[in-house]
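Only heavy atoms go into these numbers, but all of them, side chains included; no hydrogens, no water, no symmetry mates. In listed order, ligands and their atoms are each counted from 1.
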Amino acid sequence: MEKRQLTCIGCPMGCQVSVTLEQGEVTEVTGNTCKRGEIYARKEVTNPTRIVTSTVRVNGGIEPVVSCKTAQDIPKGKIFDCCKALGELEVSAPVAMGDVLLRDVCGTGVDIIATKDLPVA
Ligand code: SF4
């Protein structure tokens with residue numbers, strides 16, 4: 001039997017959640033105040049994922065960078081590679097909110113999208 005202690009990131013309450021696993025299977029979740037905490041905890045111990053938010057350099061825009069994020073969660077283990085790929089990326093203005101800046105980041109099947117408009121300078 002294995003016990004994991006987590007802080008739920010579902011809301012600012014930050015409940016301390018305890019997960020019991022037996023042979024890799026979740027058998028009990030306690031400490032969560034709502035169902036969202038249980039869902040988070042089960043996923044976190046079996047397949048942890050995150051939305052990544054960052055910025056990307058822009059050529060010819062009114063600002064040098066544009067904010068962006070992954071369109072969906074990516075595996076937690078791919079976050080470092082994703083940030084590295086974004087650090088090496090440069091796009092050209094204009095950029096519109098929702099534009100795909102990079103497809104299939106690091107083979108995750110998830111695109112990087114712009115989260116604001118950035119007109120030409
Ligand atoms: S368990 Fe529910 S109430 Fe507690 S931090 Fe998570 S989302 Fe918020």
Open item on the list: Under 4.0 Å from a heavy atom of Gly10: which atoms of ligand 1 are those, numbered in the order shown and with their elements?
Closed with: 7 (S)
Task: Per-atom contacts of ligand 1 with Gly37, taking only distances under 4.0 Å to non-hydrogen atoms - done: 1 (S), 6 (Fe)
Looking only at protein heavy atoms, identify the closest one to [atom] and say how far it is in Å.
atom                    : answer
atom 2 (Fe) of ligand 1 : Cys34 SG, 2.3 Å
atom 8 (Fe) of ligand 1 : Cys11 SG, 2.3 Å
atom 6 (Fe) of ligand 1 : Cys8 SG, 2.3 Å
atom 4 (Fe) of ligand 1 : Cys15 SG, 2.3 Å

Task: Glu25, CD atom: more than 12 neighbouring heavy atoms under 6.0 Å - done: no
Open item on the list: Using only atom types and a distance under 3.5 Å, with no angle test, would you say the side chain of Asn32 pairs donor to acceptor with the backbone of Val17?
Closed with: no
Open item on the list: Does either side chain, that of Ser67 or that of Lys116, offer a donor lying less than 3.5 Å from an acceptor on the other one?
Closed with: no
- [ ] Please check if Val91 and Val52 belong to a single hydrophobic cluster, counting links between Ile, Leu, Val, Met, Phe, Trp and Tyr side chain heavy atoms closer than 4.5 Å.
- [x] no
Open item on the list: Measuring from atom CD1 of Ile113 to atom CG of Leu101, what distance do you get when rounded to the nearest 0.5 angstrom?
Closed with: 8.5 Å
